[in-house]
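We're numbering straight along the sequence, starting at 1. Nothing here was measured: the structure is a model prediction, and the numbers come from that model.
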Amino acid sequence: MRRLVGYTLFWVGLGMMVKMLFDSVLVSVLLILFLLLMGYNLFMG
């Protein structure tokens, strides 16, 4: 469980760093929706 939490926190932190590169709210929302869908598909598949 600790490894899963660490893995998740690492990617959340990386996502926050990537978010700083985008100024557009629309691009950020589309990226978030895309990543949520891909994460769901990979987790449930």
Measure the spacing between CG of Asn41 and CG of Leu36 and express it to the nearest 0.5 Å.
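Between atom CG of Asn41 and atom CG of Leu36 there are 11.0 Å.
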Cluster check Leu35, Leu21: I/L/V/M/F/W/Y, side chain < 4.5 angstrom:
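As far as the 4.5 Å side-chain criterion goes, Leu21 and Leu35 are not connected within one cluster.
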Please say yes or no: joined through hydrophobic side-chain contacts below 4.5 Å, possibly via intermediate residues, are Val12 and Tyr7 part of one cluster?
no
How close do Ser28 and Ser24 get, counting heavy atoms only, and between which atoms?
OG-O, 3.0 Å
Reference residue Val29; test side chain to side chain contact (heavy atoms under 4.5 Å, CB included); the match among Leu31, Leu33, Ile32:
Leu33
